[in-house]
Number of protein chains: 2
Amino acid sequence: MFRERGYARTTMRAVAQEAGVAVGNAYYYFDSKEHLIQEFYAETQHEHRAVAAPVLARERGFAPRLAGVLHAGVDVLSPYHSFAGTFFKTAAEPTSPLSPFSTESSAPREASVALFREVLAGSTAKLDDELRETLPELLWLGYMGVVLYWVHDRSPGQVKTRQLIDGVVPLVDRLVGLSRLRVLRPVTRQALTLIHTLRH
Amino acid sequence: MFRERGYARTTMRAVAQEAGVAVGNAYYYFDSKEHLIQEFYAETQHEHRAVAAPVLARERGFAPRLAGVLHAGVDVLSPYHSFAGTFFKTAAEPTSPLSPFSTESSAPREASVALFREVLAGSTAKLDDELRETLPELLWLGYMGVVLYWVHDRSPGQVKTRQLIDGVVPLVDRLVGLSRLRVLRPVTRQALTLIHTLRH
DNA sequence: GACGTTTCTTGAACGTGTTCAAGTCCCGGA
DNA sequence: TCCGGGACTTGAACACGTTCAAGAAACGTC
């Protein structure tokens with residue numbers, strides 16, 4: 001119903017009617033309308049993993065693995081682009097249980113981070129040990145950035161988001177490789193300690 | 001009223017009553033409740049500029065200027081942290097006129113970007129010509145990131161956000177300096193062309 | 001089968017943002 | 001002074017998300 005009518009026009013009364021129950025009963029199973037989206041959220045996480053699986057099984061290079069997972073994420077989200085705005089609207093609020101940073105959605109978040117951990121672990125990339133530990137979370141954060149761009153992407157078929165992925169992946173790949181360079185070591189360490197400070 | 005009661009509890013009826021008019025009349029002057037926030041938005045922009053002015057007049061180094069402007073931004077926003085979540089909630093929706101990327105809020109956005117242009121222009125920093133042109137917008141984007149972090153920052157007095165600024169500014173400063181390095185030239189150009197591709 | 005308790009279900013009712021037909025005010029021109 | 005049209009103002013009405021007291025069903029225990 002979300003996909004067909006959008007978020008606003010999918011009323012709780014309509015949802016209840018479609019389910020063949022009374023309005024109030026919907027609130028027995030879901031705390032609020034927002035919580036209906038959370039179901040959605042968890043579903044796309046699983047699908048993301050499934051769609052990304054073949055690429056992760058096939059590719060060994062860091063760049064193609066990362067690109068594969070990012071593209072898979074956008075692939076899964078694609079059908080919902082029209083109402084993803086409202087999705088994002090509620091997710092952006094810190095107090096919302098839907099926020100990707102909230103404790104309530106820590107399960108799907110961990111699953112998503114694990115996906116990026118796999119991207120790195122299964123690759124042949126060589127990098128700083130400390131960076132290796134932190135990078136998956138950073139990649140996930142970058143993925144959140146991609147989604148944020150995608151939500152605002154008005155280009156037909158969200159081509160720009162694809163360009164973003166294809167453009168940023170080799171850059172990240174390059175930077176990860178450079179991180180072991182002597183000139184950049186101090187910057188790398190500086191960045192990593194900052195990240196550790198800011199993590200809650 | 002927003003500050004005292006928060007966004008949700010500031011009803012349009014209460015706003016109208018406080019203004020001494022009927023409910024419907026509020027909608028003659030403001031298209032929606034969200035548009036009340038936009039007024040707020042424009043106001044803080046002006047204040048940001050005012051608070052940042054002394055620092056920009058005093059400092060000449062790129063790092064202290066950037067840090068000053070970023071801290072000024074957080075200073076101005078500070079009193080509204082409790083309800084900034086809802087603020088952000090509506091701003092995150094792409095279709096919302098409140099979105100910092102929307103055409104409707106292009107005026108305050110331009111003003112904000114100009115502030116970061118001033119950060120760079122008034123500094124003694126030496127950097128790649130093309131980067132010099134693009135950097136202000138990137139700094140603004142980074143500022144949006146700082147605000148995003150600030151909104152989610154639950155630490156007392158939002159200390160973490162201050163640490164983020166103090167940690168990230170020298171990093172940016174260092175990277176900007178390194179951008180002229182021979183080893184990093186290709187990466188810099190690669191990043192810049194990507195950015196130009198993605199800009200609408 | 002009868003009971004008490006928990007789980008589930010109902011739909012009216014509340015407060016909200018928003019709309020709109022109707023009305024009032026204001027001001028320039030005949 | 002009157003008229004006409006635009007600017008402003010009103011508050012009832014609408015649809016929505018959400019709550020809640022009341023009831024129905026299911027279940028375990030004797």
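In what follows, every chain begins at residue 1, and chains take the letters A, B, ... in the order their sequences are listed.
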ask   = Looking at B/L120, B/L139, B/V176, which one forms a side chain to side chain contact (heavy atoms under 4.5 Å, CB included) with B/L66?
value =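 Exactly one option meets the side chain to side chain contact (heavy atoms under 4.5 Å, CB included) with B/L66, and it is B/L139.
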
inquiry  = For B/V74, run the side chain to side chain contact (heavy atoms under 4.5 Å, CB included) check against B/V147, B/L164, B/I165 and tell me which one passes.
reply    =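 So, applying the side chain to side chain contact (heavy atoms under 4.5 Å, CB included) to B/V74 and each of B/V147, B/L164, B/I165, only B/I165 qualifies.
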
Residues two or more places apart in sequence or in another chain: which of them pass side chain to side chain contact (heavy atoms under 4.5 Å, CB included) with [X]?
X: A/L148; answer: A/F88, A/H152
X: B/E34; answer: A/K89, B/Y7, B/S32, B/T90, B/S96, B/P97, B/L98
X: B/Y27; answer: B/M12

query = Does anything in residues 172-191 of chain B pair up under salt bridge (Lys or Arg N to Asp or Glu O under 4.0 Å), and if so which pairs, sequence neighbours excluded?
reply =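 Only B/D128-B/R185, B/D128-B/R189, B/E130-B/R189 qualify under salt bridge (Lys or Arg N to Asp or Glu O under 4.0 Å).
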
inquiry  = Is the distance between the ring centroids of A/Y143 and A/F116 under 6.0 Å?
reply    =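 Judged by ring-centre distance (under 6.0 Å), A/F116 and A/Y143 do meet the cut-off.
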
Residue-level proximity of residues 25-36 of chain B to DNA chain D when a heavy atom falls under 4.0 Å =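 Only B/N25, B/Y28, B/Y29 qualify.
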
query = What are the residues of residues 1-20 of chain B, sorted by number, that bring a heavy atom to within less than 4.0 Å of DNA chain D?
reply =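 Within this stretch, B/R13 sit under 4.0 Å of the strand.
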
